Chemist: 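This is the structure, below, for whatever I ask next.
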Protein chains: 2
Amino acid sequence: MCNSHHREQDESEEHCCPGRGRVRGFMQPWLLLLLAQKPAHGYELMERLGQDDETPGADPGLLYRTLRQFEQEGLVRSSWDTEGSGPARRVYEITDEGLEYLHAWAVNIRRTRERLDRFLAEYQAHFQSAEEGR
Amino acid sequence: MCNSHHREQDESEEHCCPGRGRVRGFMQPWLLLLLAQKPAHGYELMERLGQDDETPGADPGLLYRTLRQFEQEGLVRSSWDTEGSGPARRVYEITDEGLEYLHAWAVNIRRTRERLDRFLAEYQAHFQSAEEGR
DNA sequence: TCTGCTATATGACTGACACATATAGTATAA
DNA sequence: TTATACTATATGTGTCAGTCATATAGCAGA
């Protein structure tokens with residue numbers, strides 16, 4: 001049910017070139033937060049990402065690669081779950097180091113939001129005064 | 001790798017690895033906005049960027065490349081200024097197309113800020129309730 | 001002359017991301 | 001039984017912003 005392959009280009013879609021304006025590495029803190037809430041496997045994380053971030057179909061390739069990279073860095077650990085139906089699932093769990101990393105990310109994101117606000121403030125200041133001027 | 005254990009963050013430095021958590025292509029709307037305020041050459045834009053975005057020394061390589069790319073795309077136009085002392089300066093001026101692009105960027109950035117808010121809300125919701133639980 | 005500031009520019013590399021594709025297990029309907 | 005759809009993990013490749021290093025040249029003052 002995770003249709004990552006259809007891209008509808010309606011008006012709410014970005015005018016600027018794709019990829020621009022997004023936060024670099026934003027999938028990383030989301031994965032860590034979702035794992036902090038509850039251990040999960042990749043496919044489930046993909047679905048939860050699609051809801052919370054309203055990102056319609058996060059790229060599976062990026063997701064699985066990010067998880068494996070996290071494991072290499074000790075931010076998560078994994079085990080195979082062969083219970084239930086369907087193929088075996090690799091279940092991820094966040095580590096203490098991963099939690100620390102998540103908190104650092106939160107600080108980072110607050111800082112990024114301030115930068116955005118600073119831009120928007122200056123943008124509006126300029127174009128409001130430009131509006132007054134005519 | 002983000003060695004958060006060894007080095008206490010000296011407030012201005014980022015905790016997570018460099019480049020992460022920043023907005024992709026964020027220099028682009030800044031340049032367009034600064035040029036919308038007033039035509040300028042690269043070096044001056046670099047200094048104004050350092051003030052407004054409090055980014056201490058934006059990378060000159062990226063800045064000049066971005067400006068030339070903008071010119072190729074018709075977002076800005078340039079002319080040489082040989083007046084005054086020092087080396088000749090290439091003075092950039094924003095075009096109508098550049099203004100349009102800037103406005104599209106502003107929409108994009110508002111959307112990005114909403115995404116950040118959504119993350120921070122969920123982050124705080126989780127860790128506040130986790131605090132209550134102990 | 002040597003240093004330092006102004007000013008523009010290129011080359012090499014990295015990391016996040018997009019897009020395509022491969023793989024296999026399971027369930028269900030034709 | 002075959003076909004298909006869904007679940008689940010994974011790799012390969014290319015793009016692009018960002019980082020760092022370096023090259024260049026004009027000009028000014030010690």
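The structure displayed is predicted, hence computed values, not measured ones.
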Chemist: List the atom of A/Asn108, the atom of B/Arg20, and the distance in Å for their closest heavy-atom pair.
Modeler: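 Taking A/Asn108 first and B/Arg20 second, the nearest heavy atoms are ND2-O, 3.8 Å.
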Chemist: Specify the separation, in whole Å, of atom CG of A/Leu67 and atom P of D/dA8.
Modeler: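 About 14 Å, once rounded to whole Å.
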Chemist: Are the side chains of A/Trp105 and A/Leu33 in contact, using a 4.5 Å heavy-atom criterion?
Modeler: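 The answer is no; the side chains never approach within 4.5 Å.
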Chemist: Quickly work out the A/Glu73 CD to C/dA16 C1' distance and round it to whole Å.
Modeler: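 Distance, rounded to whole Å: 13 Å.
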Chemist: Is the shortest side-chain heavy-atom distance between B/Leu31 and B/Tyr92 below 4.5 Å?
Modeler: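 Contact flag for B/Leu31/B/Tyr92 side chains = no.
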Chemist: Rounded to whole Å, please give me the gap between CZ in B/Arg22 and P in C/dG15.
Modeler: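 The distance from CZ of B/Arg22 to P of C/dG15 comes to 15 Å, rounded to the nearest Å.
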Chemist: Please report the distance, rounded to the nearest Å, between CD in B/Gln72 and C1' in C/dA9.
Modeler: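 Going from B/Gln72 (CD) to C/dA9 (C1'), I get 14 Å.
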Chemist: Has A/Thr66 got a side-chain atom pairing as donor or acceptor with A/Gln28's backbone, closer than 3.5 angstrom?
Modeler: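 Here the side-chain-to-backbone pair does not exist.
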Chemist: Considering heavy-atom distances to DNA chain D, does A/Gly42 or B/Thr66 have its closest nucleotide positioned more toward the 5' end?
Modeler: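 Its nearest nucleotide being more 5', the pick is A/Gly42.
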Chemist: Any salt bridge linking B/Glu44 with B/Arg48? Criterion: basic side-chain nitrogen under 4.0 Å from a carboxylate oxygen.
Modeler: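 Answer for the salt bridge query: yes.
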Chemist: Tell me whether the rings of A/Phe127 and A/Tyr123 are parallel (<30°), tilted (30 to 60°) or perpendicular (>60°).
Modeler: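 It falls in the tilted class, 30° to 60°.
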Chemist: Measure the distance from CZ on B/Phe70 to C1' on C/dA9 and round it to the nearest whole Å.
Modeler: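 Taking CZ of B/Phe70 and C1' of C/dA9, I get 17 Å after rounding.
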Chemist: Would you kindly give the CH2-to-C1' distance between A/Trp30 and C/dC17, to the nearest whole Å?
Modeler: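 That distance rounds to 19 Å.
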Chemist: Using the test side chain to side chain donor-acceptor pair (under 3.5 Å), find all partners of A/His41 that sit at least two apart in sequence or belong to another chain.
Modeler: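 Expected list: none.
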Chemist: Just the rounded figure in Å: distance from P of C/dA24 to OH of A/Tyr43.
Modeler: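 To the nearest whole Å, that distance equals 19 Å.
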Chemist: Quick one: does any side-chain atom of A/Thr112 pair with a main-chain N or O of B/Gly21 as donor and acceptor, under 3.5 Å?
Modeler: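 Yes, because the side chain of A/Thr112 sits within donor-acceptor range (under 3.5 Å) of the backbone of B/Gly21.
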Chemist: Report, one pair per line, the protein and nucleotides 11-16 of chain D atoms (nitrogen or oxygen only) whose separation is under 3.5 Å.
Modeler:
{"residue": "D/dG12", "atom": "N7", "partner": "A/Arg65", "partner atom": "NH1", "Å": "3.2"}
{"residue": "D/dG12", "atom": "O6", "partner": "A/Arg65", "partner atom": "NH2", "Å": "2.5"}
{"residue": "D/dC16", "atom": "O2", "partner": "B/Arg24", "partner atom": "NH2", "Å": "3.0"}

Chemist: Which parts of residues 82-91 of chain A get close to DNA chain C, meaning a heavy atom less than 4.0 angstrom away?
Modeler: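 Heavy-atom contacts with DNA chain C come from A/Ser85, A/Gly86, A/Pro87.
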Chemist: Rounded to the nearest Å, what distance is computed from the CG atom of residue A/Leu63 to the C1' atom of nucleotide D/dA8?
Modeler: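 Value for this atom pair: 11 Å.
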Chemist: Do A/Leu102 and A/Leu35 have side-chain heavy atoms sitting under 4.5 Å apart?
Modeler: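 Answer no - side chains too far apart.
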